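Have a look at the structure below before the remarks.
Remember, it's 1-based here, ligands and their atoms both numbered in the order they're listed. Keep in mind the model is a prediction, meaning the values are calculated, not measured.
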Amino acid sequence: MELFEQDHTVNLLPYDGTVNYYGTIMPPEQAAAYYQKLLHGISWQNDEAYIFGKHFITKRKVAWYGDRNYLYTYSNATKQALVWTEELLQLKKLAEQLTSGSFNSCLLNLYHDGSEGMAWHSDDEKSLGRNTTIASLSFGAERKFCFRHKRTGDTVCRVLEAGSLLVMKDETQTNWLHRLPPTTKIKTPRINLTFRSIVETN
Ligand SMILES: O=C(O)CCC(=O)C(=O)O
């Protein structure tokens, strides 16, 4: 893979977790083609959340795909996984080859511009199990992505490029929050795919 810009064995986190940034894992034309296919081929829905009993609908759009019709609950709202598209299966395979991991589902986010982001949170839902590995692929606009340690408050940020892969694993979700900060500088959309492994209970 001569396209690697980064040494993905470097851990972006100083302690209590592992985040590897692989840089771009495909040529820019291929990343642009995936961006178009995902923008038009995914069943995007406005995200909803129940926070302190209040119902919110976000401008950011989301979609949830998987091997089976898994239910996934976060912010007290539940989604049922849709059947994989051809592009998602190709990208899942690529993420699995590069990480030697295995994923059975994918949460997608579409941010229309820099005014849309995601607040501090960790992906520590029970359904993902402990020390889960999450492979995050980015397309479209470059955006800054940050981690903040839950106890010390130490913060680490990295710009995620179009066609790049970032992997969060080990104790990252237990000890660190992450967020996509809003920015006035970005006027174009970004699509993010997080390939996950839902722990099957039956
Ligand atoms: O958009 C991103 O890069 C990250 C999305 C995110 O934080 C998540 O799916 O948990």
Side-chain angles (χ1 to χ4, degrees), residues 6 12-13 17-25 31 34-35 38-39 42 44-49 51 56 58-66 70 72-79 81-82 88 91-92 95 99 101 103-129 131-150 155-169 171-183 185-186 188-198:
Q6 308 284 326
L12 296 189
L13 300 181
T18 309
V19 173
N20 300 126
Y21 184 62
Y22 287 61
T24 52
I25 56 162
Y34 271 123
Y35 169 77
L38 294 164
L39 191 61
I42 290 295
W44 296 108
Q45 313 281 329
N46 288 98
D47 201 8
E48 44 174 355
I51 299 169
F56 292 91
T58 62
K59 285 195 279 170
R60 169 174 55 82
K61 293 204 165 169
V62 292
W64 171 238
Y65 286 75
Y70 299 119
Y72 188 48
T73 303
Y74 61 88
S75 303
N76 298 315
T78 300
K79 296 177 192 1
L82 302 173
L88 288 178
L91 292 169
K92 177 167 105 74
T99 61
F103 306 106
N104 59 18
S105 51
C106 183
L107 182 66
L108 293 90
N109 279 286
L110 166 60
Y111 309 87
H112 298 89
D113 58 34
S115 72
E116 296 174 18
M118 199 175 294
W120 288 117
H121 69 283
S122 32
D123 298 331
D124 56 359
E125 296 81 18
K126 243 193 171 144
S127 58
L128 294 172
N131 297 349
T132 193
T133 297
I134 297 178
S136 167
L137 286 172
S138 294
F139 297 95
E142 286 188 354
R143 294 280 298 263
K144 195 160 89 170
F145 187 63
C146 299
F147 292 89
R148 189 177 76 197
H149 193 274
K150 291 183 186 177
T155 302
V156 176
C157 296
R158 182 74 181 76
V159 171
L160 304 182
E161 299 149 287
S164 70
L165 170 66
L166 175 116
V167 176
M168 305 184 259
K169 59 184 185 183
E171 303 222 292
T172 303
Q173 306 303 330
T174 308
N175 298 315
W176 294 80
L177 302 165
H178 56 267
R179 77 159 178 161
L180 189 82
T183 167
K185 291 189 198 131
I186 304 291
T188 53
R190 167 174 182 269
I191 291 174
N192 175 256
L193 278 55
T194 44
F195 286 98
R196 297 153 187 256
S197 190
I198 294 285

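- The shortest heavy-atom contact between L110 and L39 is CD1-CD1, 3.9 Å.
- Relative ring orientation between F103 and F195 is described as tilted, the plane-to-plane angle lying within the 30° to 60° band.
- Paired with D47 under the rule side-chain hydrogen bond (donor to acceptor under 3.5 Å, both in side chains), one option of K79, K61, K59 passes, and it is K79.
- Heavy-atom contacts of N109 reach the following atoms of ligand 1: 9 (O) (cutoff under 4.0 Å).
- Close approach of ligand 1 to T194 is summarised as follows: ligand atoms under 4.0 Å from at least one heavy atom of the residue are 9 (O).
- Closest protein heavy atom to atom 1 (O) of ligand 1: Y111 OH, 2.5 Å.
- Considering only non-hydrogen protein atoms, atom 3 (O) of ligand 1 sits nearest to R190 NH2, 2.8 Å.
- Considering only non-hydrogen atoms, atom 10 (O) of ligand 1 lies nearest to H121 out of H121, M118, R143, E116.
- For the pair R148 and W120, the cation sits on the ring face: its NZ or CZ lies under 6.0 Å from the ring centre, inside 45° of the axis.
- In this structure, R196 has a heavy atom closer than 4.0 Å to ligand 1.
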Does the pair D123 and R196 meet the rule for a salt bridge (Lys or Arg N to Asp or Glu O under 4.0 Å), with working shown? CA-CA 10 Å; D123 298 331; R196 297 153 187 256; 3.4 Å; yes
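- The closest heavy-atom contact to atom 2 (C) of ligand 1, among the options I134, N192, V62, comes from N192.
- Of all atoms in ligand 1, listed by their number and element, those nearer than 4.0 Å to a heavy atom of D123 are 10 (O).
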Show me the side-chain donor-acceptor pairs of residues 136-146 shorter than 3.5 Å, one per line, residues at least two apart or across chains.
unit_1, atom_1, unit_2, atom_2, d
S136, OG, N192, ND2, 2.9
S138, OG, R190, NH2, 2.8
R143, NH1, D113, O, 3.4
R143, NH1, E116, O, 3.2
R143, NH2, E116, O, 2.7
R143, NH2, P181, O, 3.1

For the pair L166 and V19, evaluate side-chain contact (heavy atoms from CB on, under 4.5 Å) and give the outcome as yes or no after the intermediate values. CA-CA 7 Å; L166 175 116; V19 173; 3.7 Å; yes
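- Every N/O-N/O distance between S136 and ligand 1 stays at or above 3.5 Å.
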